[in-house]
2 protein chains.
Amino acid sequence: MDGQTALDTDAARPRVNNRRAGILNAAAYRFRRQGYAATTMRDIASDAGMLAGSLYYHFKSKTALLIAVHEEGVRRIADAVDSAVIAADPADPWKRLEAALAAHLNSLLDGGDYAQVVIRDLPADEPELRATLIKLRDDYEDRFRALVDALPLSNKQDAGWLRLILLGAANWSKTWYRPDGTPPAEIAAHFIRIVKNGETPGSTT
Amino acid sequence: MDGQTALDTDAARPRVNNRRAGILNAAAYRFRRQGYAATTMRDIASDAGMLAGSLYYHFKSKTALLIAVHEEGVRRIADAVDSAVIAADPADPWKRLEAALAAHLNSLLDGGDYAQVVIRDLPADEPELRATLIKLRDDYEDRFRALVDALPLSNKQDAGWLRLILLGAANWSKTWYRPDGTPPAEIAAHFIRIVKNGETPGSTT
DNA sequence: GTCTATACTCTGATAGAC
DNA sequence: GTCTATCAGAGTATAGAC
């Protein structure tokens, strides 16, 4: 039906990515539901429609698979947050932060498997892997640093604590969030309202 | 040497607890550092000075071991928090909450292995185990419900959100806390200050 | 390039000697 | 109460057929 073979320049790798994406999807699906340690290469291979050994053609190891899923997850959350911030009112720093937080929460709570894997506790038994994963997350969270720094706070020192409270409360929300309860955007609004009223006593009255 | 056999009423179990405690300590130590899945019964047995098979005389399974560690961990955190609340000013609900949060943070961050195991992500692959563990934690967190309900909030609806923000931020702190940084009690004070100023605009000025 | 077959190690758990 | 011996299964990874 198509002329695939005609596209086979060695610089491009169109078909390989299909396979890679399928494996990555399967890995994300399993890691999210079972956790990294409890997921077997046979599980992932089965979901991807191949046998365990075949995975090693595409990924060097189970660890490499986890890192790839994390990278993709962070990328997706970051894209969602960036889009939300761009769409938000440039003149209102609090609204911009709230938009970012809402997008962050939405990704974690209702997002796909990739986003959820990022938020799970990191495997503590492999220090090198752990360092790689933490670096990925920290780079992402830097954009929240910029957002809270832009806030008109009465005490500039509070920016750091504000970031930690907001991000911490958000990341922990996966333990109590219910799909039929308060939606992510509303959760973000509540969070922001409570910390905001404390920081800008003049602007709300 | 001793008259142990004379104490052998079936209601008491004095000698068994010694061995049990040693095994539990070893399990907590390993679970904290390696996580549940990556810890083997052989690891625990080795630390406890026995062989793997011998563990099964004291505990039915690896799962039973994890539950026992969780129970002990929750009990220790709860005791620390209760003591702190009792020692706090009965007339100042905010101070009481801050004292509880400080004790909670201190247990998680500088506490022993038991407390740290409780805060780690739960094994997702065993639904029944997960439910048991979540119930343990929820029962503990109920005391924070009482503490925030006692707060003189301008909007009583905020009590629930306040609890979620504080506990979430606290539980997430293990990912950024550094032993040589801000101590737990100060972290608690910062957290409380930021959310408090937002909720009692009249009482601080 | 992709998959089958398989190697080898380690896991949680059991049975029975002591 | 602890140990020895062992099991059946699952783990990651490789070699080589196709």
Side-chain angles (χ1 to χ4, degrees), chain A residues 2 4-27 30-31 33-69 123-126 128-129, chain B residues 1-2 4-5 7-8 10 12-28 30-31 33-69 123-126 128-130:
Chain A
D2 54 7
Q4 270 186 6
T5 48
L7 297 172
D8 260 332
T9 59
D10 55 0
R13 46 206 185 297
R15 290 158 309 139
V16 172
N17 282 339
N18 287 336
R19 228 61 180 95
R20 244 189 89 99
I23 293 171
L24 231 44
N25 281 338
R30 290 287 186 165
F31 289 161
R33 282 166 182 75
Q34 310 175 344
Y36 174 71
T39 298
T40 75
M41 294 298 265
R42 284 174 176 88
D43 289 338
I44 297 169
S46 163
D47 290 355
M50 62 182 68
L51 291 195
S54 309
L55 293 176
Y56 290 85
Y57 172 75
H58 301 277
F59 293 91
K60 181 176 137 286
S61 68
K62 192 187 178 188
T63 297
L65 213 34
L66 177 61
I67 291 175
V69 170
D125 50 319
E126 296 181 55
E128 211 171 323
L129 168 60
Chain B
M1 288 278 215
D2 53 7
Q4 271 187 5
T5 47
L7 296 172
D8 260 332
D10 53 1
R13 49 209 181 294
R15 293 158 305 139
V16 172
N17 282 340
N18 286 336
R19 228 59 178 96
R20 246 187 87 100
I23 294 170
L24 232 44
N25 281 339
R30 290 286 187 166
F31 288 162
R33 283 166 181 76
Q34 309 175 345
Y36 174 71
T39 298
T40 74
M41 294 299 267
R42 284 169 178 85
D43 288 337
I44 298 168
S46 163
D47 291 354
M50 63 181 66
L51 292 194
S54 309
L55 292 177
Y56 290 85
Y57 174 78
H58 301 277
F59 292 91
K60 181 175 137 284
S61 68
K62 190 185 178 189
T63 297
L65 214 36
L66 177 60
I67 292 175
V69 170
D125 49 321
E126 296 181 54
E128 210 170 322
L129 169 61
R130 190 182 168 82

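To find a chain, count down the sequence lines: A is the first, B the second, and so on, and within it residues start at 1.
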Spacing of [X] atom [atom1] relative to [N] atom [atom2], expressed in whole Å:
X	N	atom1	atom2	answer
A:Gln34	D:dA10	CD	C1'	13 Å
B:Leu65	C:dT11	CG	C1'	15 Å
A:Ile23	C:dT2	CD1	P	9 Å
A:Leu55	C:dC3	CG	C1'	11 Å
B:Met50	D:dT4	CE	P	13 Å
B:Leu51	D:dA5	CG	P	11 Å

For residues 44-55 of chain A, pull every pair meeting side chain to side chain donor-acceptor pair (under 3.5 Å), keeping only residues two or more places apart or in separate chains. A:Arg30-A:Asp47

Distances under 3.5 Å between protein N/O atoms and the N/O atoms of nucleotides 12-16 of chain C, please, pair by pair.
unit_1: C:dG12; atom_1: OP1; unit_2: B:Thr39; atom_2: O; d: 3.0
unit_1: C:dG12; atom_1: OP1; unit_2: B:Lys62; atom_2: NZ; d: 3.0
unit_1: C:dG12; atom_1: OP2; unit_2: B:Met41; atom_2: N; d: 2.8
unit_1: C:dG12; atom_1: N7; unit_2: B:Arg42; atom_2: NH1; d: 3.0
unit_1: C:dG12; atom_1: O6; unit_2: B:Arg42; atom_2: NH2; d: 3.1
unit_1: C:dA13; atom_1: OP2; unit_2: B:Tyr56; atom_2: OH; d: 2.8
unit_1: C:dA13; atom_1: OP2; unit_2: B:Lys62; atom_2: N; d: 2.9
unit_1: C:dA13; atom_1: O5'; unit_2: B:Tyr56; atom_2: OH; d: 3.3

Just checking, B:Lys62 and B:Tyr36: is the charged tip under 6.0 Å from the six-membered ring centre and within 45° of the axis?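 Satisfied, under 6.0 Å and within 45°.
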
All salt bridge (charged side-chain N to carboxylate O under 4.0 Å, His left out) counterparts of A:Arg33, not counting sequence neighbours: A:Asp113

Identify, with sequence neighbours excluded, every residue that meets side-chain hydrogen bond (donor to acceptor under 3.5 Å, both in side chains) alongside B:Thr40. B:Asp43

Does A:His58 put a side-chain nitrogen or oxygen below 4.0 Å from OP1 or OP2 of C:dG1?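 Answer is no, no contact under 4.0 Å.
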
For A:Ala68, side chain to side chain contact (heavy atoms under 4.5 Å, CB included) partners two or more places apart: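 Residues passing side chain to side chain contact (heavy atoms under 4.5 Å, CB included) with A:Ala68: A:Arg20, A:Leu24, A:Phe59.
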
How would you list all residue pairs meeting salt bridge (charged side-chain N to carboxylate O under 4.0 Å, His left out) that involve residues 48-61 of chain A, not counting sequence neighbours? none

